[in-house]
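First up is the structure itself, then whatever we jot down about it.
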Number of protein chains: 2
Amino acid sequence: MSSRLRTAGPFPGPDHDHAACVTRGLDAAEARCAEAGARLTPLRKRVLELLLAEGHRAVGAYDLLDRLADTDDGGKRPAPPAVYRALDFLVDQGLAHRLASVNAFIGCAWPDAAHRPQFLICRDCRAVAELDGGGLARNLDAAAEAAGFTLLDAVVEVGGLCPRCRPDETSDPDAASA
Amino acid sequence: MSSRLRTAGPFPGPDHDHAACVTRGLDAAEARCAEAGARLTPLRKRVLELLLAEGHRAVGAYDLLDRLADTDDGGKRPAPPAVYRALDFLVDQGLAHRLASVNAFIGCAWPDAAHRPQFLICRDCRAVAELDGGGLARNLDAAAEAAGFTLLDAVVEVGGLCPRCRPDETSDPDAASA
DNA sequence: ACGGTGATTGATACAATATAACATTGCGAT
DNA sequence: ATCGCAATGTTATATTGTATCAATCACCGT
């Protein structure tokens, strides 16, 4: 029996106060947009909220469209461009990230600071851990510089199995050896 | 005074002996498949040849389909699954790489050795430099380990401008220090 | 050579992801 | 009010990738 999963790191446990994550992310978004003179419109804010509400999991653009329809009073589902434009805005503002290796998006875990993110993405459950890639980013900067290459974007995404999906979990032996 | 520099790095100059790259890649592929007991069938070999012939540029799957039609005697264009299956095979064998950030593929530059590649991808011309990511890979291993994450695949792709496409007009590329 | 077996390819249809192009709406400044 | 611009709505389509099943080919043991 798993008593307390400290999640020993960047993967939040299922028991963490996720509502606080959502609130914090939305508040940070408001502040950031105000500072940047950008408009966090209702649509953009709702898309961000849906991203954050997903609970640190990657969400596809079309899943977002479905959720928008579900949470809309009239049940009207926007057309794809609406959500893609909102996502572009959020990514530009650093409030969300695009996960190229899985064609999906995720709300930013640290919307306050400029950062060079890298991601651990679970193949099973699509859980995503966002790490700060400081040292690694410097490594990439150096490599680009050495090659005469002007770096614009760095995509660092690691696919694998998160702590809750990896089979060598010691806390649940009954399903093992299956 | 020759402005025809050797590209001082991983981006091959336009004057390099590219036919040798293609031949070398195909030879290495033959050897590697023989060793692995895998079958480098005519279709797979042709796809690899087209990838290599592209000259260190990213190629999309549908571009490959067009080229297959062009180089086919009957001009018959295969259906998408044919080329995707060939690409899957080549990627599995380490003879080609998938570039997730641009939905494209590239022939492996170093098909001989097991490696943990990382890529510099030009946004303008789609030129690709494949680097060996030794130190960076260890960095990712450590991060995954610390998070209790089982690493299966690492995607490291840097988008930007290659030496021939960067607007940098003068010959002073070293002043930058980020 | 013969037939069985699994890998490979062909062929059809479709799913999933993303964008182009243009119309409409809202909103602030003049 | 109305002009200008950003944002959103709308329609259609482009691009990328798979599911499925049929046909064919290579290999292997006999």
Side-chain angles (χ1 to χ4, degrees), chain A residues 29 33-34 36-48 50-51 58-69 72-93 95-106 121 123 126 155 157 159, chain B residues 29-30 33-34 36-48 50-51 58-69 72-93 95-106 121 123 126 155 157:
Chain A
C33 288
R39 293 172 52 197
L40 189 64
T41 63
L43 175 62
R44 291 165 174 174
K45 187 168 181 177
R46 198 139 71 91
V47 168
L48 177 57
L50 289 170
L51 279 176
V59 197
Y62 279 69
D63 286 338
L64 281 174
L65 283 166
D66 293 338
R67 284 165 177 66
L68 282 168
D72 191 356
D73 291 334
K76 293 190 312 180
R77 174 177 147 133
V83 77
Y84 278 105
R85 286 184 292 221
L87 287 167
D88 284 347
F89 171 85
L90 294 171
V91 169
D92 283 348
Q93 299 298 321
L95 302 171
H97 299 291
R98 172 168 163 70
L99 302 174
S101 67
V102 292
N103 294 323
F105 300 84
I106 191 157
I121 305 171
R123 280 185 176 175
R126 288 167 69 92
V155 173
E157 299 175 17
Chain B
E30 294 276 14
C33 287
R39 294 172 51 200
L40 189 64
T41 63
L43 175 63
R44 290 165 175 173
K45 187 168 182 176
R46 199 139 69 94
V47 169
L48 177 57
L50 289 171
L51 279 176
V59 196
Y62 280 67
D63 286 338
L64 281 174
L65 284 166
D66 293 338
R67 284 165 176 67
L68 282 167
D72 192 358
D73 291 336
K76 293 188 313 179
R77 174 177 146 133
V83 77
Y84 278 105
R85 285 184 294 221
L87 287 167
D88 285 346
F89 171 86
L90 295 171
V91 170
D92 284 348
Q93 300 297 321
L95 302 171
H97 300 290
R98 173 168 163 68
L99 302 174
S101 67
V102 291
N103 295 322
F105 299 84
I106 192 159
I121 306 170
R123 279 184 176 175
R126 288 167 68 94
V155 173
E157 299 174 17

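Naming convention: chains lettered A, B, ... in sequence-line order (proteins, then strands); numbering from 1 in each chain.
With rounding to whole Å, R46(B) atom CZ is found 14 Å from dG10(C) atom C1'. Rounded to whole Å, the distance from CG on D88(B) to P on dT9(C) is 12 Å. Atom CG of L64(A) and atom P of dA16(C) are 16 Å apart (whole Å). The interatomic distance linking N103(A) (CG) with dA18(C) (P) rounds to 5 Å, in whole Å. When rounded to the nearest whole Å, the span between OH of Y62(B) and P of dG17(D) equals 8 Å. Across the protein-nucleic acid pair, R77(B) atom CZ and dT9(C) atom C1' stand 17 Å apart, rounded to whole Å. Protein atom CG of L65(B) is 11 Å distant from nucleotide atom C1' of dT16(D), rounded to whole Å. Atom pair L40(B):CG and dA26(D):P shows a separation of 14 Å (rounding to whole Å applied).
Taken to the nearest 0.5 Å, the CZ atom of F105(A) stands 11.5 Å off from the CG atom of D63(A). Between atom CG of residue L95(A) and atom CG of residue L40(A) there is a gap of 7.0 Å, rounded to the nearest 0.5 Å.
Note on R98(A): only backbone sugar-phosphate atoms sit closer than 4.0 angstrom, heavy atoms only; bases stay farther off.
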Candidate pair L68(B) and R46(B), rule side-chain contact (heavy atoms from CB on, under 4.5 Å), full reasoning: CA-CA 8 Å; L68(B) 282 167; R46(B) 199 139 69 94; 3.8 Å; yes

R98(A) and N103(A): CA distance, side-chain angles, deciding distance, side-chain contact (heavy atoms from CB on, under 4.5 Å) verdict: CA-CA 7 Å; R98(A) 172 168 163 70; N103(A) 294 323; 4.0 Å; yes

Determine whether E157(A) and E157(B) satisfy the following criterion, side-chain contact (heavy atoms from CB on, under 4.5 Å), listing intermediate values before the conclusion. CA-CA 9 Å; E157(A) 299 175 17; E157(B) 299 174 17; over 6 Å; no

As a quick check of understanding, evaluate side-chain contact (heavy atoms from CB on, under 4.5 Å) for V59(A) and L50(A), giving each step before the final call. CA-CA 9 Å; V59(A) 197; L50(A) 289 170; over 6 Å; no

For a quick check, with a 4.0 angstrom heavy-atom cut-off, what is the B/S/- contact string for nucleotides 3-12 of chain D, read 5' to 3'? ---SSBBBB-

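With centroids closer than 5.5 Å and planes inclined by less than 30 degrees as the test, Y84(B) and the base of dT18(D) fail to qualify as a stacked pair.
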